[in-house]
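Let me begin by presenting the structure, written as structure tokens, before commenting on it.
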Amino acid sequence: MSDEYTVINREIIVNAPIDKVFSAVSDQDQLTNWFPDIAVLEKWEGGRVSFKFLKSDKNNLDKDHEMNGKTIKFIPNKELSYTWQFQNMPDFSTNTIVTWRFESLAKNKTKVILRHSGFTEDDREKYNEHSQGWTWFVNRLGNYLTKGEP
């Protein structure tokens, strides 16, 4: 089976040091500057992850969304991964995995690699929604890190 419709991959190179980039993705207080409106991210294996995205025009959401999961891997400045399960999408039963990897390219340049895996062939619509969402949020991450605003 190919990765088409089962794995979302995004990459961005950010003009910021790796520790700043990792903090933006792993610190629950910084996450709310570019990703969810409300964030809980416990920085240990098995820790709780909860993101709430509130309905608004600024993020193009027609209703609130809530995602819950568990931290799978937390390696500072290297990798962060967690399970991803939407609470208000009963037709999306797949428990997918979001993995962020970080590579320092220079003192103030970092490659961010996002992989969202675990979609099934039956999840094509959800895959497409998440694919668009990740493009939006990865760009917001880049803007937050380079301009201080999403």
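The minimum heavy-atom distance between Thr110 and Ala16, with the atom names listed, is OG1-O, 2.7 Å. Considering every non-hydrogen atom in both Leu145 and Lys20, the closest pair reads O-NZ, 3.4 Å. Between Val49 and Met67, the shortest heavy-atom contact is CG1-CE, 3.7 Å. Shortest non-hydrogen contact noted between His116 and Trp134 is ND1-NE1, 2.7 Å. Residues Arg48 and Glu42 share a closest heavy-atom pair of N-OE1, 2.6 Å. In terms of heavy atoms, Ala24 sits closest to Gln30 at CA-OE1, 3.5 Å.
Using modelled atom types and a 3.5 Å distance limit, the side chains of Arg10 and Ser131 yield a donor-acceptor pair.
Cluster partners of Trp44 are absent, since no Ile, Leu, Val, Met, Phe, Trp or Tyr has side-chain heavy atoms less than 4.5 Å from it.
Distance check: Lys107 NZ to Lys109 NZ gives 14.5 Å after rounding to the nearest 0.5 Å.
Side-chain contact between Thr99 and Glu79: present, with at least one pair of heavy atoms (C-beta onward) separated by less than 4.5 Å. For the pair Asn77 and Phe102, the minimum side-chain heavy-atom distance is 4.5 Å or more. Considering only heavy atoms from C-beta on, Phe22 comes within 4.5 Å of Pro76 through its side chain. Side-chain atoms of Leu31 and Leu41, non-hydrogen and from C-beta on, do get closer than 4.5 Å to each other. Using a 4.5 Å heavy-atom threshold, the side chains of Ser50 and Glu66 count as touching.
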Kindly determine whether Phe119 and His130 satisfy side chain to side chain contact (heavy atoms under 4.5 Å, CB included), including the steps that lead there. CA-CA 10 Å; Phe119 293 92; His130 281 78; 3.8 Å; yes
Side chain to side chain contact (heavy atoms under 4.5 Å, CB included) for Thr71 and Phe74? Distances and angles first, verdict last. CA-CA 7 Å; Thr71 303; Phe74 190 92; 4.2 Å; yes
Please test Asp27 against Lys43 for side chain to side chain contact (heavy atoms under 4.5 Å, CB included), starting from the C-alpha separation and ending with a verdict. CA-CA 8 Å; Asp27 181 85; Lys43 301 176 181 185; 3.7 Å; yes
Hey, mind stepping through Gln85 and Thr83 against side chain to side chain contact (heavy atoms under 4.5 Å, CB included) and telling me if it holds? CA-CA 7 Å; Gln85 177 66 53; Thr83 58; over 6 Å; no
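At least one donor-acceptor pair under 3.5 Å links the side chain of Tyr127 to the backbone N or O of Val7. Side-chain atoms of Asn139 come within 3.5 Å of backbone N or O of Thr135 as a donor-acceptor pair. A distance-only check finds a donor-acceptor pair linking the side chain of Asp37 to the backbone of Leu54 [under 3.5 Å].
Not a single side-chain hydrogen bond (donor to acceptor under 3.5 Å, both in side chains) links Thr146 to another residue, sequence neighbours left out.
Checked against the 6.0 Å centroid criterion, the rings of His65 and Phe51 do not qualify as a close aromatic pair. A ring-centre distance under 6.0 Å is not found for Phe137 and Tyr144.
If you chain together hydrophobic residues whose side chains sit under 4.5 Å apart, Ile8 and Trp136 fall into the same group. No continuous path of ILVMFWY side-chain contacts below 4.5 Å connects Ile72 to Val25, so the two sit in separate hydrophobic clusters.
For the side chain to side chain contact (heavy atoms under 4.5 Å, CB included) criterion with Ile12, the lone passing option out of Ile113, Val112, Leu114 is Val112.
Ring geometry for Tyr82 against Trp84 counts as parallel: the plane angle stays under 30°, on a 0 to 90° scale with 60° as the upper cut.
Between Glu11 and Lys111 there is a salt bridge, with a side-chain nitrogen of the basic residue lying less than 4.0 Å from a carboxylate oxygen of the acidic one.
Atom NZ of Lys73 sits in a sparse spot, with 12 or fewer heavy atoms from other residues, nucleotides or ligands closer than 6.0 Å.
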